[in-house]
Amino acid sequence: MSLVSKTFELYGKTYTLEAGELAKQATGATLVKQGDTTALVTVVVSKERKNYDFFPLTVDFNEKLYAAGRIPGGYLKREGRPTEKATLTARMIDRPIRPSFPEGFRNEVQIVATSLVADQVNPIDVICTMGASLALTLGGVPFEGPLACVRIGRDKETGAFIVNPTYEERENSDLDLELAGTRDFISMVEAGAEEVTEDDMLAAMQFGQEAIGAFCDAQLAFVEEWERVNGPIVPKEYILDEPVPEVEERIFAHYDEMYAALSDADKLSRIAHVEELKERIRAEFTEEEQLMWEREIPVNLKKLEKKAMRKMVIETGERADGRRPDEIRPLHIVPGYLPRVHGSGLFQRGQTQVLSVLSLGMLSEGQRLDTIEPVEGKRYMHQYNFPPYCTGEVGRMGSPKRREIGHGALAERALLPVIPSEDEFPYAIRVVSEIMESNGSSSMASTCGSTLALMDAGVPIKAPVSGIAMGLIKEGDDVVILSDIQGLEDFLGDMDFKVCGTWKGITALQMDNKAKGLSVDILARALKQAHEGRAFILSAMLEKLPEPRAELRDTAPRIETIHIPVDKIRDVIGSGGKVVRGIQEETGANIDIQEDGTIHIAAVEGKAGEAAKAMILGIVK
């Protein structure tokens, strides 16, 4: 195996693909670069086939701080659990790769992307999907490739789209759109935006699809060079789960019963009816047959449920809970749900219920980030918790899972464009969304609940934000777009398309798509229907709380900002911090001193803040 390296330029950026030198015992391995930013992406496929009724794929992003020339903080001085950014990058690789494998693939697949160089100019995340795609191709693994992921920005001044913008270019962009797929098929979309219109978002997605095609062509050119140097890539043979007609026929004989079991608006009742039917169907197979077809039986039971749900929507235009395709579930909205906390909001849509709770603090209480990106921290934090009781289940409580981190990041992205600047509102803001009950679209409910919490706290947000999750059922030429999908429609449907925004435009967007041939026309219809749903929900929210409250809660700290000459900072701090500690102990106020002479004084009681301010000004004078 000889080293093959190919450098190419696309959309004003330089990229390099390499293979044949590193990690040669992996099924496939690729080194991928944008500028000097470098990632190694490896793929290993197990030799044995697993006895599962699902595809066992694992994707990890190894964020190494040496890539940015940094030493990890803490006592251990080595990387610990993945950062939030590393988890989101792993999800970004996973989402387009997972649906590209053939039906019935049961060998274990592990994809590991490792950051080797982070040049502080070019982000490392999106190029890893291209690396994974090429590693799968070189390893002879069957999948619908090549695949690529691109980030699309838009220059605020010129309106020109930018492919894979640098960190500096992203600073001057009102759009941060990541999308992945093949030359002809978008399977994943993630976006943050500063109130971008639906038409502009569609135009960016079309442009991004063309860019994906260019990166797919670059991979094909590399493969051609690889085969010239190292010989043809030999596709590996993997045994796939094949349909067993007898099992399918016996299970699908219960189609009418499954159709009836699904026709129940209550989630737990519906699940109970469906599970009862599945158990009765299983009981019709002998013990010997259940052992022989232990994979085929659950797979076909899932197919039966999927077909019944989809046929119900396509043929009758009515969903399992009796709603029309564009109908929103009943809403229950309570701003200020909790006493004493700085802000709270209860938002319920059908059987999805979220309680968002807000806390305000000094700017110094914002989150510090120890990552390979040129970002030191953030003052607005949104976290999402999904305890097992919210779905009526027993489960382990522990650190947040990837899904929770992803949903929290989506809601944070949706609200970040409307958060006031530090100068307007010098607070660190933390919002926690507790999912109390879930039946689909809990991330969008958390966005709505958090908007209520921000307004209840008196945070002067630029505009209120609402969110909605859209679904799709596509059978041939028959297409039905669903508003406000429930869990069943997410699990068995073709698309999960989440859209957040203000009256003016979109602030965040996320899509996972399983339907091949998803046209721009269908996406335009989905965005239009989502706009109508968002407006309906936002109107209901503003009926309960029309605007942010004029005053902070009594329990919230009042922060006053003063400025002193830089040469007086030392006098206010004192030797070893003795002076400023004394002021805080005497008055009960918290004091945060910046290098430019800006001082933030926080106190729940006004008298404490005024006393601290007077003492500081006395020292300065």
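Bear in mind that the values here come from a model prediction, so they are computed numbers and not experimental data.
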Ion pair R151/D125, N-O distance below 4.0 Å: yes

Exceeds 12 heavy-atom contacts within 6.0 angstrom, atom CD of E605: no

Side chain to side chain, M205 and L523, heavy atoms closer than 4.5 Å: yes

Salt bridge (charged side-chain N to carboxylate O under 4.0 Å, His left out) between D60 and R402, worked out: CA-CA 11 Å; D60 294 293; R402 288 187 174 192; 3.0 Å; yes

Cation-pi, Y427 ring and R379 (6.0 angstrom, 45 degrees): no

4.5 Å side-chain heavy-atom contact, I559 and M362: yes

Closest heavy-atom pair and its distance - R413, P417: O-CD, 3.2 Å

Check: S438/T352 side-chain N/O donor and acceptor closer than 3.5 Å: no

Non-hydrogen side-chain atoms of L88 and F61 separated by less than 4.5 Å: no

Single hit among S446, S450, S443, S442 for side-chain hydrogen bond (donor to acceptor under 3.5 Å, both in side chains) with Y384: S442

Expected output: side-chain E595 to main-chain V566 donor-acceptor under 3.5 Å: no

Flag, side chain of S115 to backbone of A39, donor-acceptor distance under 3.5 Å: no

Flag side-chain contact, heavy atom, 4.5 Å: N164 against Y11: no

Donor-acceptor contact present, side-chain T587 to main-chain A611, <3.5 Å: no

Closest non-hydrogen atom pair, V150 against I212: CG2-CG1, 3.9 Å

Main-chain N/O of R170 paired with E168 side-chain donor or acceptor, under 3.5 Å: no

Whether over 12 other heavy atoms sit under 6.0 Å from F161 CZ: yes

Closest contact, heavy atoms only, R154 versus G159: CG-O, 3.5 Å

Donor-acceptor under 3.5 Å (R558 side chain, A556 main chain): yes

Stepwise side chain to side chain donor-acceptor pair (under 3.5 Å) check, Q34 with T37: CA-CA 5 Å; Q34 179 180 340; T37 289; over 6 Å; no

Derivation of the side chain to side chain contact (heavy atoms under 4.5 Å, CB included) call for M436 and Y389: CA-CA 8 Å; M436 299 293 178; Y389 64 73; 3.8 Å; yes

Donor-acceptor under 3.5 Å (T502 side chain, K504 main chain): yes

N-O pairing of E195 and K462 below 4.0 Å: no

Nearest-0.5 Å distance that lies between atom CD1 in I562 and atom CD1 in I599: 4.5 Å

Interatomic spacing from CD1 in I429 to CD in E412 - rounded to 0.5 Å: 11.0 Å

Close side-chain approach of M92 to M188, heavy-atom, < 4.5 Å: yes

Salt-bridge criterion met for E560 and K613 (N-O under 4.0 Å): yes

Carboxylate-amine/guanidinium proximity below 4.0 Å for E194 and K156: yes

F425 CZ: over 12 foreign heavy atoms closer than 6.0 Å: yes

Separation between CD of Q206 and CD1 of I186, rounded to the nearest 0.5 Å: 8.5 Å

Lys/Arg N to Asp/Glu carboxylate O, E190 vs R95, below 4.0 Å: yes

K64 side chain reached by T114 side chain, heavy atoms, under 4.5 Å: yes

Exam field: side chain T38 to backbone D36, donor-acceptor pair closer than 3.5 Å: yes

Among V572, D571, D596, the one residue meeting side-chain contact (heavy atoms from CB on, under 4.5 Å) with I564: V572

Distance, nearest 0.5 Å, that separates OG of S466 from CD1 of I537: 6.0 Å

Side-chain touch S483/I468, heavy atoms, less than 4.5 angstrom: yes

Presence of salt bridge, R553 and D456, under 4.0 angstrom: yes

Heavy-atom check, side chain of R349 versus side chain of M444, under 4.5 Å: yes

Parallel, tilted or perpendicular, as decided by the 30° and 60° cut-offs, for the rings of F215 and Y15: perpendicular

Heavy-atom closest contact (S356 atom, S433 atom, distance): OG-OG, 2.8 Å

Other residues, nucleotides, ligands: >12 heavy atoms within 6.0 Å of K578 NZ: no

Side chain H342, main chain T555, donor-acceptor under 3.5 Å: yes

Lys/Arg-Asp/Glu bridge criterion (N-O < 4.0 Å) met for K13, E169: yes

Pair R81 + E63: basic N to acidic O under 4.0 Å: no

Ion pair D370/K85, N-O distance below 4.0 Å: no

Interatomic distance, L363 atom CG to Q594 atom CD [nearest 0.5 angstrom]: 7.0 Å

Distance in Å, M511 CE paired with L527 CG, rounded so as to fall on 0.5 Å steps: 9.5 Å

Over 12 foreign heavy atoms within 6.0 Å of CD, E376: no

Donor-acceptor under 3.5 Å (H600 side chain, D592 main chain): no

Taking every non-hydrogen atom, the tightest pair across H382 and G408: ND1-O, 3.6 Å

Pair I97-V59, side chain to side chain contact (heavy atoms under 4.5 Å, CB included): steps then yes or no: CA-CA 10 Å; I97 293 287; V59 179; 5.8 Å; no

T83 and T87: CA distance, side-chain angles, deciding distance, side chain to side chain contact (heavy atoms under 4.5 Å, CB included) verdict: CA-CA 6 Å; T83 63; T87 299; over 6 Å; no

Test item: E210 side-chain N/O and F207 main-chain N/O as donor-acceptor pair under 3.5 Å: no

Pairing of E198 and R534 as salt bridge, 4.0 angstrom limit: yes

Nearest heavy atoms of G609 and I601, plus distance in Å: O-CG2, 3.9 Å

Verdict with supporting geometry, Q510 and F497, side chain to side chain contact (heavy atoms under 4.5 Å, CB included): CA-CA 6 Å; Q510 184 184 88; F497 193 8; over 6 Å; no

